[in-house]
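Take a look at the structure set out below.
We number each residue from 1, following the sequence as shown. All heavy atoms count here, side chains included; hydrogens, waters and symmetry mates do not.
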Amino acid sequence: MAIDVPDLMKMSQPQLDDLFRNSPAGDIPNGEAQGTAIIAPGTDLEGPVAKFIHIFAWQGKVFDAAAGELRNRILPIGLHAIIAKVYKGTSWFDGKECIVLDYSETSIVAHWIRDEIRLVGPGVYLGIVYWGQKKLIDFALKFPN
């Protein structure tokens, strides 16, 4: 079954965790991805919260696979800012391979943040955000087909 962002939005936290655990890292993506924050998985709040965050805070990420970096698209104007290094590494979640989005050496405002992503469907990545080493929230990235 092909997983897409609306499917992720309906899942509970245990379902998202199982999907992440059982998905491959996939290739390091390239290009612009639409982002969706998953703050209250499986609840009625998820849709409105995700929409609010998308409009006012974070729209997605722009990957440069050749350079091994990305920039986040933030604020209502879609400003490209907050750079991260991108590489394959070991997941803090389960010890398996994932794609790491590492802000520790590239961002003053987000140096304590680490994201991990795995491919869950065609052009769709499920991500985990860590604050320090504490799992904070999930997110989805959708690349155009």
Kindly confirm or rule out a cation-pi arrangement of R114 over W92, judged by NZ or CZ under 6.0 Å from the six-membered ring centre and within 45° of its axis?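 R114 over W92 ring: yes.
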Could you tell me whether K142 sits above the aromatic face of Y125, with NZ or CZ closer than 6.0 angstrom to the six-membered ring centre and within 45 degrees of the axis?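 Ring-cation test returns no.
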[X] vs [Y] side-chain heavy atoms within contact, under 4.5 Å:
X	Y	value
F139	I53	no
F143	F63	yes
R71	L79	no
K51	T36	no
L101	I117	yes
K135	D17	yes
I113	V129	yes

With side chain to side chain contact (heavy atoms under 4.5 Å, CB included) as the test, would you mind laying out the steps for H80 and I74 before giving the verdict? CA-CA 7 Å; H80 290 200; I74 60 169; over 6 Å; no
Can you name the side-chain contact (heavy atoms from CB on, under 4.5 Å) partners of A66, sequence neighbours left out?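 For A66 the side-chain contact (heavy atoms from CB on, under 4.5 Å) partners, ignoring immediate neighbours, are D64.
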Indicate yes or no for a side-chain donor-acceptor contact from [X] to the backbone of [Y] under 3.5 Å, with no hydrogens or angles considered.
X	Y	value
S107	I82	no
D102	K85	no
D4	P6	no
Y130	F93	yes

Transitively linked via ILVMFWY side-chain contacts under 4.5 Å: [X] with [Y]?
X	Y	result
W131	W58	yes
M11	L141	no
L119	I99	yes
W112	V100	no
I55	V49	no

What closest approach, in Å, do [X] and [Y] show between heavy atoms, and which atom pair accounts for it?
X	Y	result
A50	M9	CB-CE, 3.6 Å
P41	Q13	CG-OE1, 3.1 Å
I38	E46	CA-OE2, 3.2 Å

[atom1]-[atom2] distance between [X] and [Y], expressed to the nearest 0.5 angstrom:
X	Y	atom1	atom2	result
K10	T43	NZ	OG1	14.0 Å
S91	I128	OG	CD1	5.5 Å
I77	Q59	CD1	CD	9.0 Å
T90	E116	OG1	CD	9.0 Å
I39	D138	CD1	CG	8.5 Å
R118	L126	CZ	CG	9.5 Å

With a 4.0 Å cut-off on N to O distance, would you call R73 and E32 a salt bridge? yes
Show me the side-chain donor-acceptor pairs of residues 19-29 shorter than 3.5 Å, one per line, residues at least two apart or across chains.
unit_1, atom_1, unit_2, atom_2, d
R21, NH1, D18, OD1, 2.7
N22, ND2, D18, O, 2.8
S23, OG, L19, O, 2.6

For K88, look at atom NZ and say whether over 12 heavy atoms of other residues, nucleotides or ligands are found less than 6.0 Å away.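 Yes, because the 6.0 Å sphere around NZ of K88 holds more than 12 heavy atoms from other groups.
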Would you please test V62 and L70 for side chain to side chain contact (heavy atoms under 4.5 Å, CB included) and show each step? CA-CA 5 Å; V62 180; L70 68 77; over 6 Å; no
